[in-house]
Each structure stands twice: as C-alpha cells, then as structure tokens.
Amino acid sequence: AQTVTQSQPEMSVQEAETVTLSCTYDTSESNYYLFWYKQPPSRQMILVIRQEAYKQQNATENRFSVNFQKAAKSFSLKISDSQLGDTAMYFCAFMNYASGTYKYIFGTGTRLKVLA
Amino acid sequence: DSGVTQTPKHLITATGQRVTLRCSPRSGDLSVYWYQQSLDQGLQFLIQYYNGEERAKGNILERFSAQQFPDLHSELNLSSLELGDSALYFCASSKGFGYTFGSGTRLTVV
C-alpha cells in the first residue's frame, strides 16, 4: 500500500527567506502524481503545485518549486522569498490510478509559520 | 471561488442527531470525494462517487452514508452523532487527476 510521510510537524522561517518542506512516499507504481496543498487559517485547501512522475523536470509555480527525486521517492517543496501569507498547513499528496479510480493519499501535514 | 460549493458552512447540533452535508462539484467534474479533518489532523478519506456510483470507500463509519444524485451533487449523511464527529468535512471534485476542494462544512456536535 502507498504511504506518504511528512516528517516535519512544524517549521518556521523568516520573511523573505527560503524554506524546504520534506515529503517521502512509498509505492511500487511507476505512474503516479504528486501534489502539495496549502491550508491557511481559513481552512480552505488550495493546490500549490503538482508533479507528474513521468516528467523528470521539477515543477515550478512562481515562488514554489519542488525537488522530485523519483528513485529516492522524495518530493520536497521549496518556498522562496517567504511571505506572511504563506503561513499555513502544507499537505503532500500522492495519487495514482488503480482499480478504475484515482486514489489519493495525504500526508499528515507540516505547519509552516512565516515570521515577520 | 473554487467552483466546488459546500453547504452549510457551519453546523452545530446535539449528540444523537442526524445531519446532511451537501456538495455541488465543479461544472463538468464527475467524481466527488468526501474527507473528514478533525482538529489539527490530516485528511481522512471517507468515500468517493463517480457519476452517481460509489467508487471507493475509506474510513467511513457505518453511521455515515453518502450518495451522488443525477445532477452530480452529493450528500453526506451523518447520524447518531457523537462528540468525536466534530470536524471539518471537505468535499472535492475532479475530472481526472488533481482535486478541487470546497471550503468545507464545520460540524460541531455539542
């Protein structure tokens, strides 16, 4: 069975600095997708970035980028130039297609606080 | 606005009662997923529907049930409510891969 592990329950970073959130996963599948979701204090779940496993190039979205290491089954999120609005819970998620449906597994989350 | 609509936003009810949470998926999305998030916890998958049919089941209690209607909206029914059922209930929809989440329904059982 697939698992997703986020080993950092809480992190903090100074405004304008860079922070990296870790995520590892376990799967025997070769085709899958990985996501980072952000959940600010409003509790809304917001898609930050996604990566297709068959793509070697790391995904980037403005200040957000990932370091996808398929062999190591690692999918870390780097936030550059951190802003106060980045304060949120961040969830890593794994998705694959099996038994006729897409199956998602979420990690337990990392609480990020950006300090002024 | 994500396009996924959940109602009501807040619900306060007493133990033993029954409530219904509603979700309207994003236009064109056939899949609806329900998740439970207890305070400061991760998301627990409850159940998925695809075009009206149950497709996958997670850690959903027998007191909970769901359905998806022909217009693709979905309802999650929670009965014999207990204090521990207090949580944020999310609905998400997708056409393929990648969820779009609703803003959630916060259920408080007193």
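These numbers come from the heavy atoms of this one structure, side chains and all, not from hydrogens, waters or symmetry mates. Note that the structure is predicted; figures quoted are calculated from it, not measured.
Under the ring pair (Phe, Tyr, Trp, His ring centres under 6.0 Å) rule, A/Tyr104 has a single partner from B/Tyr33, B/Phe45, B/Phe101, which is B/Tyr33.
Following chains of ILVMFWY side-chain contacts shorter than 4.5 Å, one can reach A/Met11 starting from A/Leu84, so the two form part of one hydrophobic cluster. A/Tyr37 and A/Ile49 are members of different hydrophobic clusters when ILVMFWY side chains are connected at heavy-atom separations under 4.5 Å. Note: the hydrophobic cluster containing A/Leu21 does not contain A/Phe91 (ILVMFWY, side chain heavy atoms under 4.5 Å, direct or indirect links). Taken together through direct or relayed side-chain contacts under 4.5 Å among Ile, Leu, Val, Met, Phe, Trp and Tyr, A/Phe68 and A/Met95 form parts of separate hydrophobic clusters.
For A/Lys70, the NZ atom sits in a packed shell: over 12 heavy atoms of surrounding residues, nucleotides or ligands are nearer than 6.0 Å.
Put simply, CD on A/Gln39 and CZ on B/Phe90 are 4.5 Å apart, with the number rounded to the nearest 0.5 Å. Rounded to the nearest 0.5 Å, atoms CD (B/Gln37) and CZ (A/Phe106) are 10.0 Å apart. Atom CD1 of A/Ile105 is separated from atom CG of B/Leu43 by 13.0 Å, given to the nearest 0.5 angstrom.
When ring centroids are compared, A/Phe35 and B/Tyr99 stay outside the 6.0 Å threshold.
With a threshold of 4.5 angstrom between heavy atoms, B/Gln48 approaches chain A through side-chain atoms but not through N, CA, C or O.
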